[in-house]
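All of these numbers come straight from a predicted model, not from anything done at the bench.
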Amino acid sequence: MDSAEFHDAVYHVVRQIPAQKVTSYGHIAKLIGMPRHSRHVGQALKFISPAVQPPIPWQRVISSAGTISSRGPGTSGAELQRQELEAEGVEVTQTRGGELKVDFGRWGWFPAPGTVDTGVQLADHDDLQDT
DNA sequence: TCATTGACGGCAT
DNA sequence: CATGCCGCCAATG
């Protein structure tokens, strides 16, 4: 699988996340069959252009701890993500240390690998002969 | 080619 | 529940 296909699979799966649901980078990685690439899932998401259609609900992907990654002190990405989530009705709480957190027990979406369409054909023995 | 980095994960303290 | 540390793996300098 290329990096291009990897990004494609990530985007495809992220688009399957229902509204008002969130999942983790690691789970996305598992769903596309590469459980050790959690970091690259985030890497792929940052390449998203806001103009892509259909839109990719990147805001529904947070860390496995249920928190929105801070992305650095000077950046506002985390705050934007919070706004996007609250805009669609997801409850975002804030811990004492100022961490933005989402309750997975209520908003989590963690389907078993194989039960979602990754957009990539795995082990598809194309038996299309000459027709 | 080697060293560093990163929208991360998981376990130990 | 908060922190610290180590493991992961591709992209970058």
Item to check | Boundaries of the DNA chain C segment in contact with chain A, non-hydrogen, under 4.0 Å | outcome: C/dA2 to C/dA11
Hey, does [X] reach any base, or is it just sugar-phosphate, or nothing, if we go heavy atoms under 4.0 Å?
X	value
A/Gln81	base
A/His40	base
A/Arg36	sugar-phosphate
A/Ser70	nothing

Next on the checklist: Whether the side chain of A/Thr115 engages the backbone of A/Pro111 through a donor-acceptor N/O pair (distance < 3.5 Å, no angle test) should be reported.
Outcome noted: no
What is the separation between atom [atom1] on [X] and atom [atom2] on [N], rounded to the nearest whole Å?
X	N	atom1	atom2	answer
A/Phe110	B/dG9	CZ	C1'	12 Å
A/Glu84	B/dA7	CD	P	19 Å
A/Ile68	B/dC8	CD1	P	12 Å
A/Phe6	B/dG6	CZ	C1'	13 Å
A/Met34	B/dG9	CE	C1'	16 Å
A/Ile62	B/dC8	CD1	C1'	13 Å
A/Trp58	B/dC8	CH2	P	13 Å

Just wondering, do [Y] and [X] contact through their side chains at under 4.5 Å, heavy atoms?
X	Y	answer
A/Arg71	A/Ile68	yes
A/Ile56	A/Arg15	yes
A/Leu85	A/Trp107	no

Item to check | 5'-most by nearest nucleotide on DNA chain C - A/Ser3 or A/Ser38 | outcome: A/Ser38
Checklist entry - How do A/Arg39 and A/Gln43 order along DNA chain C: which one's closest nucleotide is nearer the 5' end? => result A/Arg39
Item to check | Short side-chain N/O contact to B/dA7 OP1/OP2 from A/Ser69, under 4.0 Å | outcome: no
Next on the checklist: Is it true that A/Gln59 and A/Gln83 share a donor-acceptor pair across their side chains at a distance under 3.5 Å?
Outcome noted: no
Checklist entry - Looking only at heavy atoms, what is the nearest atom pair of A/Trp109 and A/Gln16, with distance? => result CZ2-O, 3.7 Å
Checklist entry - Parallel, tilted or perpendicular: which describes the rings of A/His37 and A/Phe6, with under 30° parallel and over 60° perpendicular? => result tilted
